[in-house]
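Just so you know, these numbers come straight off a predicted model, no measurement behind them.
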Amino acid sequence: MRLHRNLVYTTIDSLNAIFNEGEYADKVVARALKKDKRWGSSDRKFVAETIYEIVRWKRLYMEIAGVKEPFDRDQLWRIFAVWAVLRGYPIPDWRQLEGTPERKIKGRFDELSKIRKYRESIPDWMDELGVKELGEDVWTKEIAAQNRQAQVILRVNTLKTTKEKLRAILMDLNIETEFLKDQPDALVLKERANVFLTDAFKEGLFEVQDASSQLVAAFLDVQPGMRVVDTCAGAGGKTLHMASLMQNKGQLIAMDLYESKLKQLKLRAKRNGAFNIEYRIIDSTKVIKKLHEKADRVLIDAPCSGLGVLKRNPDTKWKLQPEFIDNIRKVQAEVLENYSKIVKPGGKLVYATCSVLPSENQEQIKHFLTTETGKKFTFVKDSKILAQESGFDGFYMALLERKKEL
């Protein structure tokens with residue numbers, strides 16, 4: 001087990017782009033993996049996993065290394081040295097790693113591991129907010145669960161295949177999967193693999209979608225032949241799931257503020273063979289008004305802090321600011337107020353977020369039900385998914401039913 005210079009240099013360059021230039025980790029990793037065609041799968045795995053690990057544990061490592069942001073090149077090397085020592089790599093005699101204090105690093109790690117904000121590597125404000133909203137005990141367990149590497153979960157596209165068939169196809173490629181109890185469309189990868197390179201993916205037999213996210217479409221109880229509106233469709237993971245549950249029958253309207261996201265969804269829908277989807281950009285209030293009281297089902301996959309999906313987006317810990325959470329709560333209340341009007345009497349609405357904070361979840365629903373618009377709805381049920389209990393993303397969903405007019 002030894003460190004290779006070109007892989008480590010790529011890692012350092014990537015960390016510089018994420019920490020100092022504000023780029024998103026997933027984009028930087030994707031670019032890094034294309035850097036050298038000669039790299040084998042273990043080389044690419046090293047680069048991707050090392051970048052993500054150092055991003056995830058940034059605060060802990062910088063504290064051990066005794067460096068402060070913005071990091072210069074030498075400081076990035078010191079952070080890397082901390083990672084290498086804690087991972088048990090022999091430190092090579094490179095100029096940048098000269099004098100790495102291995103015993104001091106291990107001692108400092110033991111000390112800091114007793115303090116949650118360092119152990120879990122999170123900003124002070126996030127730690128305080130987590131305790132305030134979830135309580136000391138729940139937050140301690142939840143943030144620890146959010147720091148574990150996310151599993152890769154596939155959602156079988158039932159418009160094209162079954163999970164048994166897909167499992168057999170992947171098995172032929174030496175990609176082993178397991179079924180997931182109570183999740184009819186999910187397959188869990190036993191080991192990480194780049195499934196996007198497979199013909200099965202290119203032919204639209206599956207999408208990669210976390211197990212918690214896969215629960216949303218079923219929670220909304222969509223049926224073939226209905227008119228369904230996905231108000232915050234984004235790139236459309238849940239939209240595509242709904243299309244398959246509707247068996248391509250009925251009308252599925254995918255809406256978003258951003259045309260670029262809907263373009264992505266169109267490409268994915270084509271690959272998936274989902275052809276009952278209509279695309280509408282929300283470029284004015286008229287787009288919503290035209291649909292008032294027209295839909296059997298409405299999904300509001302609301303913008304949120306993302307504090308339920310830190311395991312797959314660790315850089316959110318550093319990009320998120322407390323002001324953003326205050327603002328996003330206002331946006332959530334507006335979105336609920338405006339988009340709920342699309343539901344027709346007797347129809348149903350699901351409000352969902354990938355956050356674990358009650359202020360973005362239960363409290364939003366509670367408040368909405370006291371408003372003039374909200375009084376037209378009945379609360380049916382909700383589901384709070386914590387990563388510490390499920391092993392998957394943290395998520396929230398609430399099902400409301402619009403009262404029938406007398």
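Taking the ring axis of Trp39 as reference, the NZ or CZ atom of Lys34 does not stay both within 45° of it and closer than 6.0 Å to the ring centre. Stacking of Arg167 on the aromatic ring of Phe179 is recorded, both the 6.0 Å distance cut-off and the 45° axial limit being met. Phe377 does not carry Lys403 over the face of its six-membered ring by the limits of under 6.0 Å from the centre and within 45° of the normal.
Here CD of Glu23 is found 10.5 Å from CG of Asp26. Values are rounded to the nearest 0.5 Å. Here CE of Met171 is found 6.5 Å from OG1 of Thr177. Values are rounded to the nearest 0.5 Å. Atom CD of Glu142 and atom CG of Leu310 lie 9.0 Å apart (nearest 0.5 Å). Once rounded to the nearest 0.5 Å, the distance linking OG of Ser113 with CZ of Arg119 reads 7.5 Å. Remark: Ile91 CD1 to Glu102 CD distance equals 5.0 Å, nearest 0.5 Å. With rounding to the nearest 0.5 Å, the separation of CH2 in Trp139 from CD in Gln388 is 10.5 Å.
A salt bridge links Arg116 with Glu136: the distance from a Lys NZ or Arg NE/NH1/NH2 to an Asp or Glu carboxylate oxygen falls below 4.0 Å. Taking a cutoff of 4.0 Å between a charged side-chain nitrogen and a carboxylate oxygen, Glu98 and Arg95 do not qualify as a salt bridge. Comment: Asp393 does not engage Lys311 in a salt bridge, judged by the lack of any side-chain N to carboxylate O separation of less than 4.0 angstrom. Looking at Arg280 and Glu278, a side-chain N of the basic residue comes within less than 4.0 Å of a carboxylate O on the acidic one, giving a salt bridge. For the pair Lys141 and Glu389, the salt-bridge criterion is not met [side-chain N within less than 4.0 Å of a carboxylate O]. A salt bridge links Arg59 with Asp124: the distance from a Lys NZ or Arg NE/NH1/NH2 to an Asp or Glu carboxylate oxygen falls below 4.0 Å. Taking the charged nitrogens against the carboxylate oxygens, Asp296 and Lys348 have no contact shorter than 4.0 Å, which rules out a salt bridge.
Between the side chain of Asp110 and the main chain of Gly107, no donor-acceptor pair closer than 3.5 Å is present. Looking at Asn272, its side chain never comes within 3.5 Å of a backbone N or O of Ala274 through a donor-acceptor pair. Checked by atom type and distance alone, the side chain of Arg312 never pairs as donor or acceptor with a backbone atom of Ala150 at under 3.5 Å. Between the side chain of Ser14 and the backbone N or O of Thr10 there is at least one donor-acceptor pair closer than 3.5 Å. Between the side chain of Arg78 and the main chain of Val67, no donor-acceptor pair closer than 3.5 Å is present.
Checked by atom type, the side-chain pair Asn147/Trp57 shows no donor-acceptor distance below 3.5 Å. Thr373 and Glu337 share a side-chain donor-acceptor pair at under 3.5 Å. Side-chain atoms of Ser121 and Arg56 include no donor-acceptor pair closer than 3.5 Å. If you check the side chains of Tyr339 and Glu334, you find no donor sitting under 3.5 Å from an acceptor. Side chain to side chain, Asp74 and Gln96 fail the donor-acceptor criterion of an N or O pair below 3.5 Å. A donor-acceptor contact under 3.5 angstrom links the side chains of Arg227 and Gln251, judged on distance only.
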Which side-chain N or O atoms in residues 352-370 pair as donor and acceptor under 3.5 Å with protein atoms at least two apart or in another chain?
| unit_1 | atom_1 | unit_2 | atom_2 | d |
| --- | --- | --- | --- | --- |
| Thr353 | OG1 | Ser355 | N | 3.2 |
| Thr353 | OG1 | Asn361 | OD1 | 2.6 |
| Ser355 | OG | Ser305 | OG | 3.4 |
| Ser355 | OG | Leu357 | N | 3.1 |
| Ser355 | OG | Glu360 | OE2 | 2.6 |
| Ser359 | OG | Glu133 | OE1 | 3.2 |
| Ser359 | OG | Glu133 | OE2 | 2.6 |
| Ser359 | OG | Arg329 | NE | 2.8 |
| Ser359 | OG | Arg329 | NH2 | 3.2 |
| Glu360 | OE1 | Ser305 | N | 2.9 |
| Glu360 | OE1 | Gln332 | NE2 | 3.0 |
| Glu360 | OE2 | Ser305 | OG | 2.6 |
| Asn361 | ND2 | Ser355 | O | 3.0 |
| Asn361 | ND2 | Leu357 | O | 3.2 |
| Gln364 | NE2 | Arg329 | O | 2.8 |
| Gln364 | NE2 | Gln332 | OE1 | 3.0 |
| Thr370 | OG1 | His367 | O | 2.5 |

Under 3.5 Å, sequence neighbours excluded: what are the donor-acceptor pairs made by side chains of residues 239-247?
| unit_1 | atom_1 | unit_2 | atom_2 | d |
| --- | --- | --- | --- | --- |
| Thr239 | OG1 | Asp230 | OD2 | 2.7 |
| His241 | NE2 | Asp185 | OD2 | 3.0 |
| Ser244 | OG | His241 | O | 2.8 |
| Gln247 | OE1 | Lys249 | NZ | 3.4 |

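Legend: residues meeting salt bridge (Lys or Arg N to Asp or Glu O under 4.0 Å) with Glu69, ordered by chain and number and at least two apart, are Lys58. Remark: Tyr118 engages no residue in a ring pair (Phe, Tyr, Trp, His ring centres under 6.0 Å) (not counting sequence neighbours). For Phe80, the ring pair (Phe, Tyr, Trp, His ring centres under 6.0 Å) test picks out Trp83, with sequence neighbours left out. Remark: Asp315 engages Tyr24, Ala25, Val55, Asn313, Lys319 in a side chain to side chain contact (heavy atoms under 4.5 Å, CB included) (not counting sequence neighbours).
Within a 6.0 Å radius of CD in Glu191, no more than 12 heavy atoms belonging to other residues, nucleotides or ligands are found. Summarising the local packing, NZ of Lys160 is surrounded by more than 12 heavy atoms from other residues, nucleotides or ligands at distances under 6.0 Å. Residue-environment remark: CG (Asp93) stays at or below the threshold of 12 foreign heavy atoms within 6.0 Å. Within a 6.0 Å sphere centred on CD of Gln321, heavy atoms belonging to other residues, nucleotides or ligands number more than 12.
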Could you go through Leu166 and Leu187, starting from their C-alpha distance and side-chain angles, then the distance that decides it, and tell me whether this counts as side-chain contact (heavy atoms from CB on, under 4.5 Å)?
CA-CA 9 Å; Leu166 179 61; Leu187 285 177; 3.8 Å; yes
Can you list the steps and then say if Ile175 with Thr198 is a side-chain contact (heavy atoms from CB on, under 4.5 Å)?
CA-CA 10 Å; Ile175 299 172; Thr198 62; 4.0 Å; yes
Report the C-alpha separation of Asp382 and Lys384 in whole Å, then their side-chain angles, then the decisive distance to 0.1 Å, and conclude whether the side-chain contact (heavy atoms from CB on, under 4.5 Å) test is met.
CA-CA 7 Å; Asp382 67 358; Lys384 301 173 280 287; 3.9 Å; yes
Under the salt bridge (charged side-chain N to carboxylate O under 4.0 Å, His left out) rule, what do Glu293 and Lys341 come out as? Steps first, then yes or no, please.
CA-CA 6 Å; Glu293 305 201 339; Lys341 292 171 181 165; over 6 Å; no
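Using the six-membered ring where Trp is involved, Phe19 and Phe71 have ring planes that are perpendicular, over 60° apart on the 30 and 60° scheme.
Residue Lys202 comes nearest to Arg271 through the heavy atom pair O-CG, 3.3 Å, listed as atom of the first residue, atom of the second, then distance. Residues Gln214 and Ala186 approach most closely at OE1-CB, 3.5 Å, considering heavy atoms. Closest approach of Lys404 and Pro345 over heavy atoms only: CA-CB, 4.1 Å. Between Val216 and Phe395, the shortest heavy-atom distance links the atoms CG2-CE2, 3.7 Å. Heavy atoms only, all atoms of each residue included: Pro303 and Val331 are closest at CG-CG1, 3.8 Å. Of all heavy-atom pairs spanning Thr231 and Ile282, the tightest one is O-CD1, 3.6 Å.
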